[in-house]
Amino acid sequence: MAHITFADGSAGTAAATWGQQAIWDVVRTLGSDAARYNVSVCLPVDGMPVPAVLDALRQLCYLHDSLRTRLLCDDAGQLIQIVDPAGTMSVPVRECAADDVESVGAALLAELADRPFDCAREWGMRVGLVESAGLVRRIAFSLSHTAVDAWGLVRLAMNLTSIAQGESGAQVMAARPSMQPLAEAAFQASDRGRRLDANARRHWRTKLDLGPRRLFPPGGAASEMFPNAQFNSPALAVAAERVAAGYQVSSSSVLLAAAASMTSQLSGSPDVVFQIVVNNRFLPGLTNAVSTLAQEGLFHVVDAHLDFADVIRRTHKTSLSTYRNSYYDRRLLLADIEAAGETADHSCFVNDTRSLMPTDRHAPTESLAKLRSRTTLRWPIEFEPRRNVTFAMDLIDVPDSIELSMTADSALVPKPDMERFLCGIEDLVIEAAIAIGAE
């Protein structure tokens with residue numbers, strides 16, 4: 001076991017940020033299941049001595065307050081963040097043969113990630129090293145979701161790489177300046193921060209007033225478990241990029257439009273409402289933030305059952321408005337929703353996680369038809385029922401492909417409909433690519 005020790009870091013206490021509060025509210029109700037909200041990755045290392053890696057990690061802790069922040073409720077019940085200026089972090093080190101590096105790294109990551117964080121007593125980062133032939137070959141990170149989101153993890157990895165390559169902490173911060181959570185909390189309490197919050201909540205209330213009251217009427221007994229489908233499609237990855245280029249929109253808009261079209265087809269509702277995860281790093285000072293900023297934005301598209309090309313264009317325009325209105329005080333929003341009474345069904349979630357971490361990607365040499373022959377669908381796991389969720393779909397980058405991971409309430413979206421939904425997304429996007437001559 002190795003250790004990282006540091007002193008004289010920045011310190012302070014403030015109200016929790018909106019992102020910290022939102023995740024804390026969710027995770028604290030999950031008990032032992034809270035570990036699935038941990039943000040974890042095992043990164044390859046091109047051979048570095050253990051002391052050099054430990055020093056780089058120590059510098060990382062100085063750079064980012066979120067890595068040494070605790071969250072707890074004060075006497076008034078208010079969630080506060082406490083940034084500790086000093087402390088020690090234990091770092092397990094596993095030695096192994098070269099052939100075992102990958103498997104030992106996976107086992108170490110599971111060990112770090114498979115238990116929830118005690119945010120009141122524990123900092124938000126666990127890290128471990130895999131050593132082979134005297135050099136570190138893997139770094140396993142598991143971070144509390146109250147410390148970072150997936151986009152924050154990417155920036156953490158970028159900064160660690162820069163430090164490991166010889167840059168000082170000051171050079172890294174000069175190249176990628178970022179607002180710390182204490183400063184973010186102060187901004188959120190400012191007049192401008194409150195205006196952003198008010199505008200975002202107004203956007204939500206408007207869309208919830210206009211959207212359909214129910215998308216998927218109950219069709220059977222309540223689900224004891226929520227099945228998970230993993231749909232892997234090399235053809236969809238290629239076709240989405242080609243359609244995006246043809247329509248001059250993002251591939252996220254293309255795939256979101258396809259999900260909206262298929263939701264409309266399956267539910268019979270011409271209008272569709274999704275909660276989509278937005279990273280919120282387009283705001284001033286937050287581009288490079290290593291913290292938790294991502295929140296759900298409310299997306300509402302009308303006439304999603306009509307011509308797919310038109311749905312793509314309207315989805316792109318509508319999604320931009322969603323992104324602009326996804327930074328808010330979630331507790332105030334929930335109070336707004338409760339006060340409004342009956343609202344639009346907003347129990348469907350889409351989270352595009354692609355391009356978060358480097359993924360092998362090669363220029364396709366095969367036709368879409370050939371690529372499509374490699375599409376696979378599997379059902380690896382079932383989850384405990386998720387409150388107020390009809391379905392949740394993650395878009396994930398995998399080497400030379402894209403994976404759609406969908407979990408659904410089978411009383412509302414049975415497994416055959418889940419398969420229709422996923423295959424339908426692939427159909428729509430590939431057909432759109434063929435229509436513009438991008439086969």
Side-chain angles (χ1 to χ4, degrees), residues 4-14 16-20 39 41 43-70 81-89 91 123-127 129 136 139 141 143-190 192-193 196 278-295 323 327 355-358:
I4 303 167
T5 301
F6 57 92
D8 301 321
S10 58
T13 300
T17 65
W18 296 335
Q20 289 170 336
V39 181
V41 69
L43 299 174
V45 180
D46 194 18
M48 289 180 62
V50 170
V53 174
L54 293 175
D55 184 63
L57 291 169
R58 181 182 61 82
Q59 292 187 59
L60 206 62
C61 290
Y62 277 111
L63 279 182
H64 303 299
D65 291 357
S66 62
L67 304 182
R68 45 192 172 82
T69 293
R70 294 175 294 117
Q81 53 173 315
I82 300 174
V83 180
D84 293 322
T88 299
M89 185 180 300
V91 181
W123 290 324
M125 181 174 76
R126 301 181 190 130
V127 61
L129 310 180
V136 175
I139 303 178
F141 283 101
L143 297 109
S144 169
H145 208 335
T146 60
V148 301
D149 52 29
W151 289 271
L153 178 60
V154 172
R155 285 150 178 81
L156 180 77
M158 291 170 56
N159 291 345
L160 178 62
T161 299
S162 296
I163 293 170
Q165 291 174 345
E167 291 187 27
S168 68
Q171 288 173 318
V172 170
M173 191 55 69
R176 290 186 286 273
S178 63
M179 186 184 296
Q180 301 286 2
L182 291 173
E184 187 191 359
F187 168 75
Q188 290 171 350
S190 71
R192 186 179 175 211
L196 282 174
V278 181
N279 75 30
N280 282 327
R281 283 177 170 78
F282 46 82
L283 296 165
L286 296 177
T287 301
N288 301 303
V290 175
S291 57
T292 186
L293 291 168
Q295 292 183 263
Y323 301 152
Y327 189 60
S355 301
L356 286 175
M357 299 300 288

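Residue indices begin at 1 and follow the sequence shown. Being a predicted model, the structure only gives us computed values, none of them experimental. All values below were derived from every heavy atom in this structure, side-chain atoms included, with hydrogens, water molecules and symmetry-related copies excluded.
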Q) Can you list the steps and then say if Arg176 with Thr287 is a side chain to side chain donor-acceptor pair (under 3.5 Å)? A) CA-CA 8 Å; Arg176 290 186 286 273; Thr287 301; over 6 Å; no
Q: Answer yes or no: is there a side-chain heavy-atom contact under 4.5 Å between Thr88 and Ile4?
A: no
(Q) Give me the atom names and distance for the closest heavy-atom approach of Val148 to Leu153. (A) CB-N, 4.3 Å
Q: May I ask you to decide if Met179's main-chain N or O and Glu184's side chain share a donor-acceptor pair within less than 3.5 Å?
A: no
Q) So, do Ser291 and Gln20 sit near enough that their side-chain heavy atoms are less than 4.5 Å apart? A) no
Q | Note, Met89 side chain near Met125 side chain (heavy atom, < 4.5 Å) | A | yes
**Q.** His64 to Leu156 - nearest heavy-atom pair and separation
**A.** CD2-CD1, 4.2 Å
Q. To the nearest 0.5 Å, what is the distance between CD1 (Ile163) and CG (Leu63)?
A. 5.0 Å
Q: Tell me, with the steps shown, if Asn280 and Leu286 meet side-chain contact (heavy atoms from CB on, under 4.5 Å).
A: CA-CA 8 Å; Asn280 282 327; Leu286 296 177; 5.7 Å; no
Q. Do side-chain atoms of Arg281 reach the backbone of Ala294 as a donor and acceptor pair under 3.5 angstrom?
A. no
Q) Are the side chain of Arg68 and the backbone N or O of Cys61 linked by a donor-acceptor pair below 3.5 Å? A) yes
Q: Could you check Asn159, Asn288, Leu60 and say which one makes a side chain to side chain contact (heavy atoms under 4.5 Å, CB included) with Val172?
A: Asn159
Q) Which heavy-atom pair separates Ala157 from Leu43 by the least distance, and what is that distance? A) CB-CD1, 3.8 Å
**Q.** Flag, side chain of Ser66 to backbone of Val290, donor-acceptor distance under 3.5 Å
**A.** yes
Q. Where the side chain of Gln59 meets the backbone of Ala56, is there a donor-acceptor pair that is under 3.5 Å apart?
A. no
(Q) I'd like to check Ile139 versus Val41 (side-chain heavy atoms, cut-off strictly below 4.5 Å). Are they in contact? (A) no
Q: List in chain and number order the residues that pass side-chain hydrogen bond (donor to acceptor under 3.5 Å, both in side chains) with Gln295, two or more places apart in sequence or in another chain; answer none if no residue qualifies.
A: none
Q: May I ask you to test the Thr69-Asp84 pair for a side-chain heavy-atom distance under 4.5 Å?
A: no
Q.
For Trp123 and Phe6, I'd like to know if the aromatic rings sit close, meaning centre-to-centre distance below 6.0 Å.
A. yes
**Q.** Nearest atoms (heavy-atom pairs only) where Gln171 meets Ser168
**A.** OE1-N, 2.8 Å
Q) Closest approach of Ala7 and Ala86, non-hydrogen atoms and distance? A) CA-CB, 3.7 Å
Q. Quick one: does Tyr327's side chain have a donor or acceptor within less than 3.5 Å of a partner on Leu293's backbone?
A. no
Q: Would you mind reporting whether Arg58 and Thr5 have side-chain heavy atoms less than 4.5 Å apart?
A: no
Q) Does Thr292 use its side chain to pair, donor to acceptor, with the backbone of Ala147 at less than 3.5 Å? A) no
Q. What is the minimum heavy-atom distance between Phe141 and Leu160, and which atoms define it?
A. CZ-CD2, 3.6 Å
Q) Side chains of Thr13 and Val83: closer than 4.5 Å at any heavy-atom pair? A) no
Q. Is the backbone N or O of Gln180 less than 3.5 Å from a side-chain atom of Asp65, with the two atoms forming a donor-acceptor pair by type?
A. no
